[in-house]
Amino acid sequence: MTSMSHAHRHLDDTARNILRRNDRGGYTVPRPGLYPFQWNWDSAFVALGFATFDMDRAWQELETLLSGQWADGMIPHILFHRDDEGYFPGPDVWASGTRPRSSGITQPPVAATVVRELWQRDGADPAHPRMRALYPKLLASHRWFHRYRDPLHNGLVMAVHNWETGRDNSAEWDAALARVSARDVRPFQRRDTSHVDIAFRPTQAEYERYVALIEFGRARGWDPVRVAAESPFRVVDVGMTMIMLRANRDLLALARALDDQQVVQELRTRIALSEQGCDWLWNEDLGVHCSRDLVDGRPAALVTSASFLGFFAGIGSPAQHARLLERLAALADSVPYLVPSLAPGSRTYDPLRYWRGPVWLVMNALIARGLDEAAETALANRIRGDSRALVERSGFWEHFSPETGQGCGGDQFSWTAAMWLNDLTSAST
Ligand code: GLC
């Protein structure tokens with residue numbers, strides 16, 4: 001056995017142990033202490049990790065997540081199955097009034113993509129009972145997005161809180177957050193900075209605005225119509241939009257398998273709408289897709305890792321693809337580790353601070369998968385190779401410096417371990 005495969009075997013064991021250790025019985029916390037509850041898109045990615053060694057547990061992760069779905073179809077971004085004083089803002093701040101208690105906002109809808117993947121690995125039987133039980137819930141969550149989060153009726157996804165995007169402090173949200181007043185926010189004690197170095201985290205001023213947006217939603221009883229119409233923070237997120245489009249394609253595959261013709265039609269119409277709508281996010285100067293503010297209509301004009309999800313979403317003209325690949329190749333020349341969450345040289349770029357520069361392995365996995373599907377194998381392999389090298393060098397961190405590979409944020413992180421098992425371990429190459 002080569003020393004590399006020996007080292008990988010060891011990392012495989014460590015990754016499985018991280019998932020087991022962070023398992024709270026039916027759901028997995030992203031990182032004990034820092035994130036002690038169930039997070040929406042983390043759980044979807046984590047299920048892919050479990051699927052490599054415990055298929056039953058993989059399904060269960062999503063079943064538990066969907067058990068917290070709201071009556072209107074929304075899947076909350078956090079489910080507070082149990083109390084934990086070590087996190088702010090906890091369930092009392094959100095005051096969702098639901099069981100289980102939850103936050104009042106959502107997160108990128110990767111669940112349908114993951115369910116399709118689990119179902120395929122499990123034999124792709126249309127009669128698969130666990131897939132069949134999740135299907136109507138996924139459909140309800142997609143319809144929730146279509147109904148409440150598509151204000152332009154062009155198939156793009158609006159976020160009303162930066163936490164919904166999953167890319168919390170991306171510079172894309174700076175202008176929108178600047179409009180949010182934190183004047184009336186009561187003093188609070190942050191908990192994140194007692195778990196990790198403050199240099200990795202959003203600033204205090206940013207955090208106050210995040211809390212102001214929660215108070216805004218809570219004051220409206222989390223009514224999805226009012227929140228969507230009145231929120232001071234309203235952006236079209238390129239990340240959620242691309243992930244939603246892809247998720248609709250995956251849900252369509254399930255609808256076809258179930259011969260649910262009405263839904264097949266509904267989703268096809270929806271997909272066509274989004275395919276066209278995405279051009280509203282195209283930035284010709286930069287040659288990538290960018291998020292866009294809905295209050296003033298301005299494009300964020302920033303190259304982020306989410307700018308490269310068009311391949312994963314299955315959109316873009318040949319000319320757009322060429323520009324995207326050019327831009328990604330330029331990034332590949334500028335940093336040793338792809339894909340930085342914000343392009344170096346952008347305003348407020350910081351290689352260590354959360355979503356303002358660091359590499360996140362879940363984004364890498366989605367981008368690489370899209371590139372593979374577009375037969376752009378060389379860049380896909382470069383991204384996967386960089387992800388692998390980051391873990392080999394530093395371990396299973398929350399995120400990594402694209403410049404040095406240093407691990408940042410929390411260590412022993414669930415979704416990083418899951419991405420290793422699912423995508424990067426020697427067995428899957
Ligand atoms: C941070 C990330 C978000 C993730 C959560 C739990 O808030 O920005 O994407 O879901 O941590 O890991």
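All ligand and atom numbering here is 1-based and tracks the order in the structure.
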How about [X] and [Y]: are their ring centres within less than 6.0 Å of each other?
X    : Y    : result
H161 : W173 : no
W94  : H77  : yes
F311 : H321 : yes

Answer yes or no: does an N/O atom from [X] fall short of 3.5 Å to an N/O atom of ligand 1?
X    : value
D168 : yes
W360 : no
W355 : yes

Quick one: sort the W415 and F45 rings into parallel, tilted or perpendicular, breaks at 30° and 60°.
->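 Perpendicular, since the angle between the ring planes exceeds 60°.
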
Check whether any side-chain N or O of T52 sits under 3.5 Å from a backbone N or O of N422 as a donor-acceptor pair, and report yes or no.
->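 Not a single qualifying donor-acceptor pair exists.
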
Which ligand 1 atoms does W41 reach within 4.0 Å, using its non-hydrogen atoms?
->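 So the answer, numbered in order with elements, is 3 (C), 4 (C), 9 (O), 10 (O).
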
Starting from [atom], which protein heavy atom do you reach first, and at what distance in Å?
atom                   : value
atom 3 (C) of ligand 1 : G166 O, 3.5 Å
atom 1 (C) of ligand 1 : Y354 OH, 3.0 Å
atom 4 (C) of ligand 1 : D42 OD1, 3.4 Å

Which one holds for F413 and ligand 1: side chain close, backbone close, both close, or neither close, with close meaning a heavy atom under 4.0 Å?
-> side chain

Under a 4.0 Å heavy-atom limit, does H77 contact ligand 1 with its side chain, its backbone, both, or neither?
->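 It is neither part, as no heavy atom is under 4.0 Å.
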
Under a heavy-atom criterion of less than 4.0 Å, does R31 contact ligand 1?
->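 Flag not set, R31 not near ligand 1.
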
Tell me yes or no: between the side chains of N248 and H146, is some donor less than 3.5 Å from an acceptor?
->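 Side-chain D/A pair, N248 to H146: present.
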
Full working for side-chain contact (heavy atoms from CB on, under 4.5 Å) between F413 and Y35 | CA-CA 10 Å; F413 217 87; Y35 303 112; 3.5 Å; yes

